[in-house]
Amino acid sequence: LKNLYNNNNNEIDIQMDTFEWNLNHYLVGKRVLREEKEFNETKWIAEGSVVGWLPAEENGGTDLFHVMHEDGDYEDLEEHEIIISINLFNNTYGIFQSTDPPKKSQEKLLHMNES
């Protein structure tokens with residue numbers, strides 16, 4: 001498992017729950033920014049990292065991603081929520097992290113569909 005660090009360069013203690021989280025997904029390791037709004041006002045903001053992935057086959061048909069927040073809290077999000085959170089992080093900090101699958105994966109998928 002990669003060591004993950006917060007903005008203060010302190011190592012984040014990764015807490016996993018009862019699932020067997022996989023690390024072999026291109027979104028694992030990406031930085032995220034989560035924002036909860038209520039009545040158009042920000043209620044809370046949390047920064048963190050995607051630290052695990054549960055494939056759809058193991059989760060009733062939906063990919064699930066485990067996010068560890070810098071404050072030690074964690075949450076599990078679906079892929080569309082992860083993409084939104086990565087994009088919010090990118091836009092907030094002017095950083096680019098791709099949310100597209102790696103090209104090799106795309107090529108393998110195309111060849112599998114041709115069979």
Which heavy atom in [X] sits nearest to a heavy atom in [Y], and how many Å separate them?
X     : Y     : answer
Trp53 : Asn24 : CZ3-OD1, 3.6 Å
Leu64 : Trp21 : O-CZ3, 3.5 Å
Val51 : Leu23 : O-CD2, 3.2 Å

Go through the structure and list residues passing side chain to side chain contact (heavy atoms under 4.5 Å, CB included) with [X], not counting sequence neighbours.
X     : result
Ile45 : Leu33, Glu35, Thr42
Asn40 : none
Asp71 : His69, Asp73
Glu81 : Leu77, Glu78

Count I, L, V, M, F, W, Y as connected when their side-chain heavy atoms are under 4.5 Å apart, and connections chain through other members. Are Phe65 and Ile84 then in the same cluster?
no
- Look only at the side chain of Asn59 and the backbone of Leu54, and say whether a donor-acceptor pair between them is shorter than 3.5 Å. no
message: Measuring only between side-chain heavy atoms, which start at C-beta, is Val67 closer than 4.5 Å to Asp76?
response: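 SC-SC contact between Val67 and Asp76 ruled out.
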Problem set entry | Criterion side chain to side chain donor-acceptor pair (under 3.5 Å) against Asn90, the qualifying member of Lys30, Gln97, Arg31 |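 Answer after filtering Lys30, Gln97, Arg31: Gln97.
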Among Ile86, Val32, Asp63, side-chain contact (heavy atoms from CB on, under 4.5 Å) partner for Leu27:
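In the set Ile86, Val32, Asp63, the residue that makes a side-chain contact (heavy atoms from CB on, under 4.5 Å) with Leu27 is Ile86.
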- Query: Could you go step by step and tell me if Arg34 and Glu75 meet the side chain to side chain contact (heavy atoms under 4.5 Å, CB included) rule?
  - Reply: CA-CA 10 Å; Arg34 298 279 292 144; Glu75 64 181 328; 2.7 Å; yes
query = For the atom pair CG (Asn22) and NE2 (His66), what is the distance rounded to the nearest 0.5 Å?
reply =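 It is 12.5 Å, given to the nearest 0.5 Å.
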Could you state the interatomic distance from OG1 (Thr99) to NE2 (His80), rounded to the nearest 0.5 Å?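 Rounded to the nearest 0.5 Å, the OG1-NE2 separation comes out at 14.0 Å.
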